[in-house]
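In what follows, every heavy atom counts, from backbone to side chain, and hydrogens, waters and symmetry copies are set aside. Every chain is numbered from 1, with letters handed out A, B, ... down the list of sequences. Predicted, not measured: the structure shown is a model, and the values here were computed from it.
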Amino acid sequence: MEAAPKEKEKNLNFIEEIIEEDVKTGKNNSRVLTRFPPEPNGYLHIGHAKSICLNFGVAQRFGGQTNLRFDDTNPVTEDTEYVESIKEDIKWLGFNWAEELYASDYFDTLYNYAELLISKGLAYVEESSSEEIAKMKGTPTQAGVDSPFRNRSAEENLNLFRKMRNSEFDEGAMVLRAKIDMASPNMLMRDPLIYRIKKAHHHRTGDKWCIYPMYDFAHGQSDSIENITHSVCTLEFVPHREVYDWFIDKLEIFPSKQYEFARLNLTYTVMSKRKLLQLVNDNYVSGWDDPRMPTISGMRRRGYTAKAIRDFCDRIGVAKRENLIDVGLLEFFVRDHLNKIADRMMVVTDPLKVTITNFPEGKTEICSVENNPENPEGGHREMPFTHEIYIESEDFMEEPPKKFFRLAPGQMVRLKGAFIIQCDDFVKDEAGNIVELKCSYIENSKSGQDESGLKVKGVLHWVSIADAVPVELRIYDRLFKAENPASEEGEFMEYINENSLNIISAFAEPALKAATLDGKYQFIRKGYYVLDKDSNGNQLIFNQTVGLKDNWAKASN
RNA sequence: UGGCUUAUGGUGUAAUGGUAACACAGCGGUUUUUGGUGCCGUUAUUCAAGGUUCGAGUCCUUGUAAGCCAACCA
């Protein structure tokens with residue numbers, strides 16, 4: 001009999017509180033329907049992951065569903081490549097949408113809404129240039145002035161708008177504006193533009209339209225058409241809420257409600273699609289899925305798991321305060337998950353040859369090594385132990401400091417999963433570099449059948465030279481040198497870290513030849529790694545997901 | 001000379017008028033065939049000034065600071 005898992009009384013965030021209240025009071029018949037509304041003009045990043053976890057999460061929590069709706073009202077920047085990547089990323093994160101929809105599905109309805117507004121005397125065709133429109137808008141501290149085209153008759157407006165649709169005017173010649181209030185303290189209420197002419201091919205509607213609705217005339221209405229109950233977006237849309245509500249009110253359509261939360265900011269990176277696109281276009285990174293990118297696809301290629309990202313999003317919470325979250329917190333959740341699931345492997349990055357003087361040349365002793373101490377069912381693998389092995393150069397010191405639990409003349413260590421060895425001698429080249437160690441192994445100290453009675457403090461990773469597999473390791477550092485490059489003075493590009501990618505060669509144990517693209521590995525005493533898709537038959541390439549914590553290195557600084 | 005939003009440890013997030021808590025980071029210890037993991041402990045917080053109240057992080061007033069708003073972007 002299993003004890004009923006006690007529902008942890010988790011605190012609700014402010015959006016969940018609103019929804020809980022709405023469900024309790026029977027608003028919308030207690031129905032909850034949210035939506036995730038990306039514009040298909042770039043790849044999803046960790047900031048979107050926060051929004052996805054929120055939108056899908058609250059719906060799940062309150063028995064509702066979530067639509068995926070592509071906000072594709074600007075054909076110039078949008079593309080199906082992005083649609084596909086966005087769908088893949090959401091699925092990978094572990095969420096399923098109720099319906100896949102597009103704002104462009106509603107172009108006919110939206111057009112009719114516009115005509116309705118015109119006939120109500122609430123919209124007009126503007127012929128001023130964009131510069132003139134901007135000038136007439138005033139400033140935040142100064143009211144705008146009415147356009148000379150503001151008081152045309154509904155008939156004239158309707159006629160002109162239909163001609164706009166029929167491609168009788170050039171781009172920029174005319175726009176449709178809502179007739180609200182040029183003196184509103186909210187700049188967005190000063191007769192916002194709602195339709196513009198763009199003679200561009202749309203990724204879904206092709207060449208059917210030459211006029212496209214603006215965000216403010218598409219988003220709220222799309223929510224309403226889908227009967228979205230809670231439309232959750234980021235803080236920069238707060239001033240848009242008044243416009244959102246105004247259109248729904250004047251159109252007399254289903255009253256979806258907008259709620260805003262603070263977007264995620266992470267240290268040492270940037271989080272806008274525009275900036276990320278610039279990194280891609282200027283070749284600072286290899287693409288949207290470069291492992292240094294904060295994109296979902298980049299993090300996936302880097303080896304981050306969906307669970308780690310979800311746990312992170314859970315932990316950072318949802319509020320209305322501007323925030324800058326330490327990327328170290330994300331890395332904590334990555335390590336936390338990987339520690340439980342990654343197979344341990346041995347890889348030597350800076351080899352130092354060790355000759356086991358009392359182990360016969362040509363002989364191979366097979367060692368059975370545990371794959372994951374955190375997982376009893378993880379099994380074992382075989383590692384060959386031979387006369388000559390590699391260890392890390394930094395694991396030997398001729399004159400060790402106190403508490404150096406590694407190799408030094410006369411000192412003993414355990415080779416992980418194999419034998420205890422003792423350093424008897426070392427060889428230097430003409431330049432004084434240590435090039436080889438002469439060690440003896442303790443025959444009855446083999447892992448799992450140790451009868452030596454010896455206690456050694458240090459445990460080293462190692463690899464048999466004859467069996468070692470040369471591999472390439474790609475080790476990543478933060479993309480930017482400034483904590484918050486976007487808020488720093490000058491261009492964010494000035495703060496880019498030129499040394500964010502470090503490629504090194506290394507020697508791996510033979511089991512790594514069987515590495516797969518979705519396998520997760522911990523290179524013992526080094527970090528977590530995944531096979532990169534750039535690997536081929538001749539060359540295995542691994543990305544470092546994140547390094548292991550290293551208290552020894554920290555203490556010696 | 002505008003409007004809107006927000007202010008809680010180093011970073012985030014809770015506390016819904018009644019003992020300021022949780023996570024990460026930091027620091028110390030312990031376990032360990034990874035100087036990893038685990039476990040234990042610990043440092044540190046209510047923007048300011050008034051007011052209401054038996055009692056204020058929470059309510060009121062006045063400040064201060066930060067963010068957003070003047071794209072035919074979303």
Trainee: How long is the gap from CD on A:Q411 to CD on A:Q422, to the nearest 0.5 Å?
Mentor: 9.5 Å

Trainee: Which whole number of Å gives the distance between the P atom of B:A7 and that of B:U13?
Mentor: 9 Å

Trainee: Ring centroids only, cut at 6.0 angstrom: are A:F217 and A:F247 within range, meaning strictly under it?
Mentor: yes

Trainee: In whole Å, measure the gap between the P atoms of B:U58 and B:G50 for me.
Mentor: 14 Å

Trainee: What's the gap between B:A74 and B:U11 when it is taken at their C1' atoms, as a whole Å value?
Mentor: 30 Å

Trainee: I need the CG-C1' distance between A:N484 and B:G67, as an integer number of Å.
Mentor: 12 Å

Trainee: Looking at the side chain of A:K403, which of B:G35, B:C68, B:G36 is the nearest nucleotide?
Mentor: B:G35

Trainee: Looking only at atom C1', what distance separates B:A49 and B:G28, rounded to whole Å?
Mentor: 40 Å

Trainee: When you measure from the centre of the six-membered ring of A:Y102, is the NZ or CZ of A:R204 closer than 6.0 Å and no more than 45° off the axis?
Mentor: yes

Trainee: When the aromatic ring centroids of A:H240 and A:Y244 are compared, is their separation below 6.0 Å?
Mentor: no

Trainee: Please confirm whether the shortest side-chain N or O distance from A:K549 to OP1 or OP2 of B:U34 is below 4.0 Å.
Mentor: no

Trainee: Check whether the side chain of A:R406 and the base of B:G35 form a donor-acceptor pair under 3.5 Å.
Mentor: yes

Trainee: Could you tell me the separation between the CD atom of A:E322 and the C1' atom of B:A65, rounded to a whole number of Å?
Mentor: 13 Å

Trainee: Check whether NZ of the Lys or CZ of the Arg A:K457 lies under 6.0 Å from the centre of the six-membered ring of A:F405 and within 45 degrees of that ring's axis.
Mentor: yes

Trainee: Reckon A:T77 has a side-chain N or O less than 4.0 Å from the OP1 or OP2 of B:A74?
Mentor: no

Trainee: Is it the case that the base of B:G3 and the side chain of A:E242 share a donor-acceptor contact (distance under 3.5 Å, atom types as modelled)?
Mentor: no

Trainee: Which nucleotide, if any, forms a Watson-Crick or G-U wobble pair with B:A15, using both distances under 3.5 Å?
Mentor: none

Trainee: What is the distance from CD of A:E171 to P of B:A71, rounded to the nearest Å?
Mentor: 19 Å

Trainee: Do the side-chain N or O atoms of A:R196 get closer than 4.0 angstrom to the phosphate oxygens (OP1, OP2) of B:A74?
Mentor: yes

Trainee: Which nucleotide, in any strand shown, forms a Watson-Crick or G-U wobble pair with B:A44, with both distances under 3.5 Å?
Mentor: none

Trainee: More 5' along RNA chain B: A:G448 or A:Q142, using each one's nearest nucleotide?
Mentor: A:Q142

Trainee: Nearest to the side chain of A:K137, which nucleotide is it out of B:G2, B:A70, B:U33?
Mentor: B:A70

Trainee: Specify the separation, in whole Å, of atom OH of A:Y82 and atom C1' of B:A74.
Mentor: 15 Å

Trainee: Is it true that A:Y212 and A:F107 have ring centroids separated by less than 6.0 Å?
Mentor: yes

Trainee: Roughly how far apart, to the nearest Å, are B:A20 and B:A44 at atom C1'?
Mentor: 13 Å

Trainee: Just how far, in rounded Å, is C1' of B:C68 from CE of A:M187?
Mentor: 13 Å

Trainee: After noting the C-alpha distance and the side-chain angles of A:F542 and A:Y529, does the key distance pass the ring pair (Phe, Tyr, Trp, His ring centres under 6.0 Å) rule?
Mentor: CA-CA 6 Å; A:F542 291 92; A:Y529 285 81; 7.1 Å; no

Trainee: How close or far is atom P of B:A74 from atom CD of A:Q258, stated in whole angstroms?
Mentor: 15 Å

Trainee: The side chain of A:E78 is closest to which nucleotide in this list: B:U34, B:A74, B:U13?
Mentor: B:A74

Trainee: By a 5.5 angstrom centroid cut-off and a 30 degree plane limit, is there stacking between A:Y215 and B:A74?
Mentor: no

Trainee: Ignoring hydrogens and angles, answer whether the base of B:C22 and the side-chain atoms of A:R315 contain a donor-acceptor pair closer than 3.5 Å.
Mentor: yes

Trainee: Quick one: label A:V175 by what it contacts on the DNA or RNA (base, sugar-phosphate, nothing), any heavy atom closer than 4.0 Å.
Mentor: base

Trainee: Between B:G12, B:A25, B:U1, which nucleotide has the shortest distance from any of its atoms to the side chain of A:T141?
Mentor: B:U1

Trainee: Taking OP1 and OP2 of B:G35, is either one under 4.0 Å from a side-chain nitrogen or oxygen of A:R525?
Mentor: yes

Trainee: Which base, if any, makes a Watson-Crick or G-U wobble pair with B:A66, both distances under 3.5 Å?
Mentor: B:U5

Trainee: To the side chain of A:M214, which of B:U13, B:C73, B:U32 is closest?
Mentor: B:C73

Trainee: If I take atom CZ in residue A:R274 and atom P in nucleotide B:A71, what distance separates them, rounded to the nearest angstrom?
Mentor: 16 Å

Trainee: Taking the side chain of A:I524 as its heavy atoms from C-beta onward, which of B:C73, B:U34, B:U13 lies nearest to it?
Mentor: B:U34

Trainee: Rounded at 0.5 Å granularity, tell me how far CD in A:E78 sits from OG1 in A:T73.
Mentor: 6.0 Å

Trainee: Looking at A:N551, does any N or O in its side chain come under 4.0 Å of the phosphate oxygens OP1/OP2 on B:G36?
Mentor: yes

Trainee: Side chain of A:P185, heavy atoms from C-beta onward: which of B:G3, B:A74, B:U13 has the nearest atom to it?
Mentor: B:G3

Trainee: Roughly how far apart, to the nearest Å, are B:G36 and B:A65 at atom C1'?
Mentor: 43 Å

Trainee: 5'-most contact on RNA chain B: A:G138 or A:D216, nearest heavy atom basis?
Mentor: A:G138

Trainee: So if I take every side-chain heavy atom of A:I133 and compare against B:G35, B:C72, B:C68, which nucleotide ends up nearest?
Mentor: B:C72

Trainee: Let's test this: given Watson-Crick or G-U wobble pairing with both distances under 3.5 Å, identify the partner of B:G36.
Mentor: none

Trainee: Counting side-chain heavy atoms from CB outward, which of B:U37, B:G12, B:C69 is closest to A:L324?
Mentor: B:G12

Trainee: Using the C1' atoms only, state how far B:G3 lies from B:A70, rounded to an integer number of Å.
Mentor: 12 Å

Trainee: Does A:K275 count as lying over the ring of A:F492, i.e. NZ or CZ under 6.0 Å from the six-ring centre, within 45 degrees of the axis?
Mentor: yes

Trainee: Could you check which of B:U34, B:A74, B:G35 has an atom nearest any side-chain atom of A:D550?
Mentor: B:G35

Trainee: Please give the distance between the P atoms of B:C68 and B:G26 as a whole number of Å.
Mentor: 31 Å

Trainee: May I have the distance from A:M189 (atom CE) to B:A70 (atom P), rounded to whole angstrom?
Mentor: 15 Å

Trainee: Could you tell me whether the phosphate oxygens of B:C68, OP1 or OP2, come under 4.0 Å of any side-chain nitrogen or oxygen in A:K320?
Mentor: no

